[in-house]
2 protein chains.
Amino acid sequence: MPVSRRERPAKAALSREAVIAVALRIMRDEGLEKVTMRRLASELDTGPASLYVYVTNTAELHGALLDELLSGLEAPAAGIAWRGGVVALLSQYTRMLFAHPSLARSVLTLRPSGPNYLRFVDSLLGLLLAGGVAARSAAWGVDLLLQLATATAAEQGTRDRSADAEGEVYLQAMAVREAAAAEYPSIDRVRDELFSGTGEERYRFAFDALLDGIAAAR
Amino acid sequence: MPVSRRERPAKAALSREAVIAVALRIMRDEGLEKVTMRRLASELDTGPASLYVYVTNTAELHGALLDELLSGLEAPAAGIAWRGGVVALLSQYTRMLFAHPSLARSVLTLRPSGPNYLRFVDSLLGLLLAGGVAARSAAWGVDLLLQLATATAAEQGTRDRSADAEGEVYLQAMAVREAAAAEYPSIDRVRDELFSGTGEERYRFAFDALLDGIAAAR
DNA sequence: ACCTGAACACCGTTCAAGT
DNA sequence: ACCTGAACACCGTTCAAGT
């Protein structure tokens, strides 16, 4: 059976969408570390230089990946209390980035501007304003809440927690546990609390503290 | 005049101190990006493999650099109010990292455990406890305050603010300014506030909000 | 026993030269 | 005009083989 060119295209046409789709797949399957220009190019049967027709650089590509992930966020239930809505939205965002800690690290130095990011910010702002938070506190506070969520994911995210990183955690724990009481009296006083709580409990503490502070800001 | 071997040593002896000293100099003069194992090795007249006798890896080296910078921190005045002391200490830390944003990015995923870092944490804890903050809130809050300071420096630091990064800031500003009122009603409501304030003002807002939240935590 | 040359396995980005 | 091969200028880390 003869196969015409039409029926078996040698390769998919290059496009921004194709680049991002392949990048998303690699990120989900192997982590952002593997999403390199060279890897992308080889999966798309071209050279790395060709990608620069569709993306500005690696940072911009990461921004596009964030916006794709953000498209899966669910709006909080319509009648939900403002504070519950903020927690629900930020929890989704944090959970999403927890699965992609190196994207979180990248996002921390990005100024995202995609439509889904704007929608996300708009929702958060809406909830804060509905909760009676002053306009300026809401505007500045949104930045802060997002920074906290992103930094937490970057710090604690699990996908690529390397042996090195585990070693550092261990070393710090040892250093804190063994810090001499005479030299570090305050560490000594709260030593146990420095290690107490689950990740979830500390995360709730952090968001509650920050949200309280923002809401109370004059 | 003959010169004996004693008087003109061909090269300085390799040691952890020597590695860190060279790394510090390069970081101050050219930024952390230039502090690579290869560059370090070539300045020390050896091959990169030799450095691994003195440092575990790049992350551990960055931790050592942080601890060196931290040695320059000044303790707050003895009689200062606890809150002023926290602000004074954290301001120094933030200012220091502002000059080394890529170190800040690295620190965000580090678990520092050097003596100067422990001393810094101990001082912050002492101030919070002196302010009547509950032990658990103080312990968990210190992490949070440090995360905020570090993330802020990583995000906003100025040394290597690249043309790319500037472009992203511009793109986001454009996206926010042009976000359609119908589609993004809350952004529309606080549009001006999203851009208001100096870096200094926002930084004070952030620390005040977080500190208030931590101090009020039950 | 200690140290390191050389290799392994990669990077992002640019630009001259093709079609 | 659009696209890309090849090059530029690098990386961190390992390990076999030297001294």
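Below, chains carry the letters A, B, ... as their sequence lines are ordered, and counting in each starts from 1.
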Nucleotide dC11(D), atom P - distance to NE2 of His62(B) in whole Å: 12 Å
Interatomic distance where CG belongs to Leu14(B) and P belongs to dC3(C) [whole Å]: 9 Å
Set of salt bridge (Lys or Arg N to Asp or Glu O under 4.0 Å) partners for Glu201(B), sequence neighbours left out: none
Qualifying residues under side-chain hydrogen bond (donor to acceptor under 3.5 Å, both in side chains), relative to Arg16(B), sequence neighbours excluded: Glu60(B)
Sugar-phosphate or base contact per nucleotide [nucleotides 12-19 of chain D; S, B, -; heavy atom under 4.0 Å]: BBBB----
d(CG, Leu40(A); C1', dC10(C)) in whole Å: 16 Å
Test item: side-chain donor near acceptor, Ser113(B) and Glu168(A), under 3.5 Å: no
Integer angstrom distance from the C1' of dA6(D) to that of dC10(D): 16 Å
Qualifying residues under side-chain hydrogen bond (donor to acceptor under 3.5 Å, both in side chains), relative to Ser50(B), sequence neighbours excluded: Thr46(B)
Residue list, side-chain hydrogen bond (donor to acceptor under 3.5 Å, both in side chains) with Glu193(A), at least two apart or on another chain: Ser196(A)
Can I get a per-line list of side-chain donor-acceptor pairs under 3.5 Å for residues 85-98 of chain A, giving both atom names and the distance, sequence neighbours left out?
| residue | atom | partner | partner atom | Å |
| --- | --- | --- | --- | --- |
| Ser91(A) | OG | Val87(A) | O | 2.5 |
| Ser91(A) | OG | Tyr203(A) | OH | 2.9 |
| Gln92(A) | OE1 | Glu74(A) | N | 2.8 |
| Gln92(A) | NE2 | Glu74(A) | O | 2.8 |
| Tyr93(A) | OH | Thr150(A) | OG1 | 2.9 |
| Thr94(A) | OG1 | Leu90(A) | O | 2.7 |

With sequence neighbours excluded, residues passing side-chain hydrogen bond (donor to acceptor under 3.5 Å, both in side chains) with Arg111(A): none
Partner residues of Asp192(B) under the salt bridge (Lys or Arg N to Asp or Glu O under 4.0 Å) criterion, sequence neighbours left out: none
Spacing between Lys34(B) atom NZ and dA9(D) atom P, to the nearest angstrom: 12 Å
Interatomic distance where CG belongs to Leu32(B) and C1' belongs to dC11(D) [whole Å]: 14 Å
Secondary-structure notation, DNA chain C, from Watson-Crick and G-U pairs under 3.5 angstrom (| other strand): ||.|||||...|||||.||
